[in-house]
Asker: 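Please see the structure below; I have some questions.
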Amino acid sequence: MRFLGNIEAKADSKGRVFLPAGFRKVLQASGEDQIVMRKDVFQDCLVLYPESVWNEQVDMLRSKLNRWNKQHQQIYRQFVSDVELVNLDASGRMLIPRRYQQLVGITQEVRFLGVGDTIEIWAGGKESKPFMDAEDFGKALEELMEEQPIPTQPLSRPSDTLSP
């Protein structure tokens, strides 16, 4: 499941917004019925997790934590308790609860970002943008990709694998 795109939308006065059609299609094709909404741990945005992705994240977190460690229990409790189950209506709209709107500064304009297996919701026109400036992004990507090991063996060609 891959969500791709950067789509602007508007929330109505009640906080309802249409989930972009392309994202709805990905959810439907994957057979996902439930979506979990949570404020991002690091950024002022909301994250929508398809239920299967949420379950994987929770399982991964739980596997790294000791149930008998007080701080680990607090981390787990905080991560899993501050969520909302999101239901789409027949038109593809969802409600962003007021507390979440306030947490991330959503008024009317919103921006949906497809980020692989999740969808982020950002306040539109916000000063803190979800992206790096182009020059910093290029440098960071270059450094990251230089760290990747270069294959030492050439890729085999089909003719190399055939026996005489």
Side-chain angles (χ1 to χ4, degrees), residues 1-134 136-137 140-141 144-145:
M1 171 175 358
R2 294 277 182 247
F3 298 101
L4 302 171
N6 180 351
I7 301 152
E8 294 178 2
K10 291 189 186 242
D12 68 13
S13 61
K14 295 180 182 179
R16 294 176 300 200
V17 64
F18 286 98
L19 184 66
F23 295 162
R24 288 195 313 265
K25 287 178 185 175
V26 171
L27 286 170
Q28 291 168 348
S30 301
E32 295 283 348
D33 295 327
Q34 290 286 324
I35 305 171
V36 177
M37 178 185 291
R38 184 180 200 300
K39 183 187 176 299
D40 186 74
V41 175
F42 302 106
Q43 304 281 334
D44 282 336
C45 70
L46 302 175
V47 182
L48 297 177
Y49 298 86
E51 185 177 30
S52 64
V53 173
W54 173 256
N55 290 338
E56 288 172 11
Q57 294 294 311
V58 169
D59 291 345
M60 183 180 8
L61 178 62
R62 176 46 87 193
S63 74
K64 295 182 180 292
L65 300 174
N66 177 346
R67 287 182 187 261
W68 307 111
N69 178 296
K70 182 179 178 179
Q71 183 182 25
H72 288 195
Q73 279 300 89
Q74 289 173 323
I75 290 168
Y76 184 77
R77 182 180 304 115
Q78 187 163 342
F79 187 76
V80 301
S81 68
D82 194 19
V83 300
E84 291 282 334
L85 288 177
V86 174
N87 294 305
L88 300 178
D89 67 15
S91 302
R93 287 182 309 181
M94 60 181 219
L95 176 66
I96 301 174
R98 286 267 181 241
R99 69 185 177 102
Y100 281 129
Q101 291 176 46
Q102 292 170 348
L103 275 174
V104 300
I106 292 174
T107 53
Q108 187 177 20
E109 295 179 22
V110 297
R111 177 179 304 274
F112 287 93
L113 296 179
V115 188
D117 59 358
T118 60
I119 302 165
E120 293 179 350
I121 305 174
W122 290 79
K126 203 169 173 189
E127 298 302 320
S128 65
K129 298 188 183 199
F131 302 107
M132 302 166 75
D133 96 4
D136 290 342
F137 174 68
L141 192 57
L144 179 68
M145 295 310 288

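All values below were derived from every heavy atom in this structure, side-chain atoms included, with hydrogens, water molecules and symmetry-related copies excluded.
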Asker: L4 and F23: which non-hydrogen atoms are nearest, and at how many Å?
Answerer: O-CE2, 3.2 Å
Asker: If I compare all heavy atoms of Y100 with all of V83, which pair ends up nearest, and what's the gap?
Answerer: OH-CA, 3.4 Å
Asker: In Å, rounded to the nearest 0.5 Å, how long is the span from CG of L85 to CE of M94?
Answerer: 12.5 Å
Asker: Is the closest side-chain heavy-atom distance between I119 and I35 below 4.5 Å?
Answerer: no
Asker: Provide the closest heavy-atom pair for G105 versus A123 in the form atom of the first, atom of the second, distance.
Answerer: O-CB, 3.3 Å
Asker: What distance separates I106 CD1 from D44 CG, expressed to the nearest 0.5 Å?
Answerer: 10.5 Å
Asker: Do R98 and Q101 have side-chain atoms, one donor and one acceptor, less than 3.5 Å apart?
Answerer: yes
Asker: So which heavy atom on L46 is nearest to which on K39, and how close?
Answerer: CD2-CA, 4.0 Å
Asker: Do R67 and R62 have side-chain heavy atoms sitting under 4.5 Å apart?
Answerer: yes
Asker: Would you indicate whether the side-chain heavy atoms of V80 and R38 approach each other to under 4.5 Å?
Answerer: no
Asker: How about CG on D33, more than 12 heavy atoms from neighbouring residues, nucleotides or ligands closer than 6.0 Å, or not?
Answerer: no
Asker: Search all heavy atoms of N87 against all heavy atoms of Q34 and return the closest pair with its distance.
Answerer: OD1-NE2, 3.6 Å
Asker: Any side-chain heavy atom of Y76 sitting closer than 4.5 Å to one from V58?
Answerer: yes
Asker: Quick check on Q74: does its CD atom have over 12 non-hydrogen neighbours (other residues, nucleotides or ligands) under 6.0 Å away?
Answerer: yes
Asker: Would the number of heavy atoms belonging to other residues, nucleotides or ligands and lying under 6.0 Å from CZ of R99 be above 12?
Answerer: yes
Asker: Any non-hydrogen side-chain atom of M60 less than 4.5 Å from a side-chain atom of Q57?
Answerer: yes
Asker: Return the CD1 to CD1 distance between I121 and I7, rounded to the nearest 0.5 Å.
Answerer: 11.5 Å
Asker: Supply the atom-to-atom distance I75 CD1 to L65 CG, rounded to the nearest 0.5 angstrom.
Answerer: 6.0 Å
Asker: Could you check whether any side-chain heavy atom of T118 comes within less than 4.5 Å of a side-chain heavy atom of W54, counting everything from C-beta outward?
Answerer: no
Asker: Please name the pair of heavy atoms, one in N69 and one in H72, separated by the smallest distance, quoted to 0.1 Å.
Answerer: OD1-N, 3.0 Å
Asker: side-chain contact (heavy atoms from CB on, under 4.5 Å) for L19 and L48? Distances and angles first, verdict last.
Answerer: CA-CA 10 Å; L19 184 66; L48 297 177; 4.0 Å; yes
Asker: Is E32 reaching over with its side chain to a backbone N or O of E51, donor-acceptor style, under 3.5 angstrom?
Answerer: yes
Asker: Is E84 close to L95 at the side-chain level, that is, under 4.5 Å between some pair of heavy atoms?
Answerer: no
Asker: What class does the angle between the rings of F79 and Y49 fall in, given that below 30° is parallel, 30 to 60° is tilted and above 60° is perpendicular?
Answerer: perpendicular
Asker: Under a 4.5 Å cut-off applied to non-hydrogen side-chain atoms, are V17 and F112 in contact?
Answerer: yes
